[in-house]
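Letters A, B, ... are given to chains in the order of the sequence lines, protein chains preceding strands, and every chain is numbered from 1.
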Amino acid sequence: MARYNAREAEPKWQKKWEDAAVFRTRIDRTRPKYYVLEMFPYPSGRIHIGHGRNYVMGDVVARFKRAMGFNVLHPMGWDAFGLAAENAAFEDKSHPAKWTYANIATMKAQLKLLGLSIDWSRELATCDPSYYKHQQKMFLDFHRLGFVARKESNVNWDPVDHTVLANEQVIDGRGWRSGALVEQRKLTQWFFRISDMAEELLTAIDGLDQWPDKVRLMQRNWIGKSEGARVTFALTDAKHKALEIFTTRPDTLFGASFCAISVDHPIAQDLAKGNRALTDFIAECKRIGTTEAAVETAEKMGFDTGLRAKHPFVAGQTLPVYVANFVLMEYGLGAIFGCPAHDQRDLDFARKYKLPVIPVVIPEGEDPRTFQVGAEAYVGEGKLANSDFMNGMSVDDAKRSVIDKLEKMGVGKGTITYRLRDWGISRQRYWGCPIPMIHCASCGVVPVPDKDLPVKLPEDATFDQPGNPLDRHPTWKHVACPRCGKPARRETDTMDTFVDSSWYFARFADPHAPGPTNREAVDYWLPVDRYIGGVEHAILHLLYSRFFVRAMHKAGYAGLDEPFAAMFTQGMITHESYKDPDGKYLFPEEVEKRGDVAVKRGTNQKVTVGAIEKMSKSKKNVVPPEAVADTYGVDAARWFMMSDSPPERDSEWSEAGIEGAWRYVQRVWRMVDEAVPHLPGFGSVAPDGFSAEALAVRQVTHRTIAAVTEDLDRFRFNKAVARLYEFVNVLSDFKPKGSDGQWAMREALETLTILINPMAPHLAEECWQTLGATTMAVEAPWPKADPALTRQDTVTMAIQIDGKRRGEIEMSKDSDAKAVEAAALALDTVAKAIDGRRIKKVIIVPNRIVNIVTEQSGG
RNA sequence: GGCCCCUUGGCGGAACUGGUAGACGCAACGGACUUAAAAUCCGUCGUUCGCAAGGACGUGCCGGUUCGAGUCCGGCAGGGGCCACCA
């Protein structure tokens, strides 16, 4: 019996696709376009099967949409700048470019092995000057348009990687790559003014209705809009006359018992001059830092400045002003008023420094005269009390009322604050896109003229010591000022690599365009109709891209604001991890399972089987795609990746699972191979009539078309796969008799071939050829379900007595209620269950269920 | 600490807007074929009572709404995610 030989078939068909250039895409206005994109990879070395799911998922969509008649764009490129390359160069005394391009070559071959329907003619790498020169051009345009700022600010400094990190790249106080404790440093940096677009980026989230709710929520939280008020407190101090604070609870102003300012607040800094105690206090606060652990354990600390703030409404009342460790300069105005009764943090502080706790919001049912706040602040709803003109109001009314009053008095203003801060893009590294700016002693900061782009990285940089290789390069940074011609210095910072990935999807529309984008191509292809990637990019990459495309729009490089119409976050592939007796991780292929125990292959050393976790190089729980392709074939791997687990959830890679997929591949092949000699030729005309048996098979065929089409459309690959298992189960029981049955079998097998094509494209080609087709399956149109065959004529209805299932009846579809009721009541089991009780009512849900409700005796 | 999500057989998971819980796959078990194994094919497979027909129970736990709840509402427990001294 012929066995399907994936090892021969897969490379063969991949070559045919490539020779016929079937995945080469161009603008075609006669067909609807569909742009499917997986987040492009960072070329870190080799891919493992865990990376593959993402690309296979995109490929299934691409092939499905192509068959459905869409003009599909499915490109691939490389997020090729980044620190890892520089670190590798430092390690082996080579060059980041060498490491990067070697990895790209390896990974490209691996991706090709997976049989992805990618238009490789559009391949790009962000580290190529032909890419980053456009990024520099856009940077200059953004600079002209005011989207770029140069600011001195406290920055997150990674002492290991010797670079600045964006807030988003600091996780629990540590650098996201190095893991080193981040220090605060004051540096002048380049920023994108993303915070100016906070409101726009926030409201536009409402329109992203094809994004996962989770991602939309994360973005909303990240932008962090707070509505509140600024309030100016007059100070009883000759030098510092006023203190402006931000609050989201102006309604609690009568409960204020202190003010607090950040250690970085100008007043605190000023007071610290010549005040040893305060200087020490500030230093102590900075030492403790803001790591998660520190925040958990650190006490609220305050330093009484001696300043007193006058309450805006209560003549004669003053509040002490503290410098406090829990007030952040970066948020709001770096100053607050504290209302201990209604804020837990303020309460902790008040208890420590013995400040008054005055409740002003009284919960429903409590008496304002007796209501007390204990260990926990009251943050709920209620009626205002002890608050003069606000007494009796709800919290919301009180907020409006107090803001109104503050505004009239000229000491406050209703205002909105965002958590989102400007995007610092300066990195003190070599392997990134140079920022095209020049510092001149007389002209200041001067943009590199467009004609001098690209500012290329020098190839002869050295990587044998830490720090920025651009800065220590002997000649690169020394240039003439483009304005006055005097000696000047190039900017030696490079851009955050998130800039590179903020527009690559637009470049794919025409990666060879002479300018940053080809507007015709961008207008045709964008937005990305389906963007697929990990949820770990839910905030950074997606938010930056949304900002960047808006800026591109304003600069004329794109005609839209939202780059990704639909977003899908796929789950990870997980695998058991293994450790040898010394606690060293082992690769799965080094482990042999003998019954319940695992041993190191070829030895008797016991292996500890660890948790099922995300595949990662460091845990060695990875499976190389080459090994899988060699043993089972790529189609089996693709099939397995799409089966069982819903795509948004993690799925576990297992030998048993891939074997199951392999069996299915073999089964489909065998079925086609054995059936074909007995079938009419490809393209035979349908017979006039069909036997009941043949008709039944045709119905299954068409119902499968309808179901699989819908499942693929809705990203339910696991269900599509289940449907195709069922289909094959039905077909293997079908022994066609007569020419009508044989025709029905041919129809079924041709349909099956095209339906499995998105998941198992090589197998589909092989079957398609065996079935006698002269074209390739990749070019075959998606089958259409015939409504006459998908229609159900009879339905099975469940009969319930008092909500419990007691039987079922077979009825013709849409039977009238009387007939259904009569049929139900005629059942023996029903009569028995009713047991002579009176029937109170009969509920009939058409084509689904009958529920007979009886009079319950007694109770 | 805040916000959000999840919890269905031995396992991964189906069950569209409340309407026959457990599709499909994996594992397991029994059988056929085979000198034997693999492959393949047939069958069983939520728990429980029963010889059987059939019945009872069953979607993390407690309660509610409903003729009817895996699905809706309230509370609790466990697991996960994001943010985090954010005023």
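With B:C83, B:A56, B:A87 as the choices, the nucleotide that has an atom nearest any side-chain atom of A:R419 turns out to be B:C83. The side chain of A:N718 has B:A14 as its nearest neighbour among B:A27, B:A87, B:A14. The side chain of A:A722 approaches B:C24 more closely than any other nucleotide in the set B:U20, B:C24, B:C82. The side chain of A:V853 lies closest to B:C67 when the candidates are B:C67, B:G54, B:U20. Closest to the side chain of A:R663, from the set B:A27, B:G13, B:A87, is B:A27. Nearest nucleotide to the side chain of A:V327, out of B:U20, B:G12, B:A87: B:A87. For A:I849, the listed nucleotide lying nearest its side chain is B:U20; candidates were B:G25, B:U20, B:C42. When the nucleotides B:C3, B:C85, B:U40 are ranked by their closest atom to the side chain of A:R670, B:U40 comes out on top. Distance from the side chain of A:N729 is smallest for B:G25 among the nucleotides B:C83, B:G25, B:A87. Ranking B:C86, B:U40, B:A14 by closeness to the A:R421 side chain, first place goes to B:C86.
Residue-to-nucleotide contacts include a donor-acceptor pair under 3.5 Å from the side chain of A:K300 to the base of B:C85.
Regarding A:E330, its CD atom lies at a distance of 12 Å from the C1' atom of B:C85, rounded to whole Å. Between the CZ atom of A:R805 and the C1' atom of B:G58 there is a distance of 15 Å, given to the nearest Å. In this structure, NZ of A:K804 is placed 15 Å from C1' of B:G19, rounded to the nearest angstrom. Per the geometry, CG belonging to A:N851 stands 12 Å off C1' belonging to B:U20, to the nearest Å. If you take OH of A:Y664 and P of B:U40, they are 15 Å apart, rounded to a whole angstrom.
Nucleotides B:C57 and B:G43, compared at atom C1', are 27 Å apart to the nearest Å. Spacing between B:G64 and B:G13 at atom C1', rounded to whole Å, works out to 30 Å. B:U71 and B:G60 are spaced 16 Å apart, taking the C1' atom of each and rounding to whole Å. B:C5 sits 32 Å from B:C24 when the P atoms are compared, rounded to a whole Å. Comparing the C1' positions of B:C3 and B:U8 gives an interatomic distance of 27 Å, to the nearest angstrom. Atom P of B:A38 sits at a distance of 14 Å from the matching atom of B:A32, rounded to the whole Å. For the C1' atoms, the distance from B:C26 to B:G63 is 38 Å, rounded to whole Å.
When each of A:F281, A:Y353, A:F258 is checked for a ring pair (Phe, Tyr, Trp, His ring centres under 6.0 Å) with A:F303, only A:F281 meets the rule. Partner of A:F640 under the side-chain contact (heavy atoms from CB on, under 4.5 Å) criterion, chosen from A:V56, A:I658, A:I49: A:I658.
When heavy atoms are screened at a 4.0 angstrom cut-off, A:L217 is found touching the sugar-phosphate backbone but no base atom. Among the heavy atoms of the strands, none lies under 4.0 Å from A:S643. Residue A:T417 is classed as having no contact, given no heavy-atom separation below 4.0 Å to the nucleic acid. Residue contacts shown for A:D343 are absent, as no nucleic acid heavy atom lies under 4.0 Å away. Nucleic acid contact class of A:Y725 (heavy atoms, under 4.0 Å, all strands): sugar-phosphate only. Using a 4.0 Å heavy-atom distance criterion, A:R806 is classed as a sugar-phosphate-only contact. Counting any heavy atom pair closer than 4.0 Å across all strands shown, A:E726 reaches sugar-phosphate atoms only and no base atom.
Under the 3.5 Å distance criterion, the side-chain polar atoms of A:R220 are left unmatched by any main-chain donor or acceptor of A:K225.
In this model, a donor atom of one side chain and an acceptor atom of the other lie less than 3.5 Å apart for A:R667 and A:S732.
Residue A:R723 places none of its side-chain N or O atoms closer than 4.0 Å to OP1 or OP2 of B:C24. Note on A:K225: every side-chain N or O is 4.0 Å or more away from OP1 and OP2 of B:C86.
Across every non-hydrogen atom of A:V395 and A:G380, the tightest pair is CG2-O, 4.5 Å. Pairing each heavy atom of A:R837 with each of A:D802, the nearest pair is NH2-OD2, 3.5 Å.
Applying the salt bridge (charged side-chain N to carboxylate O under 4.0 Å, His left out) criterion to A:D264, with sequence neighbours excluded, gives A:K286.
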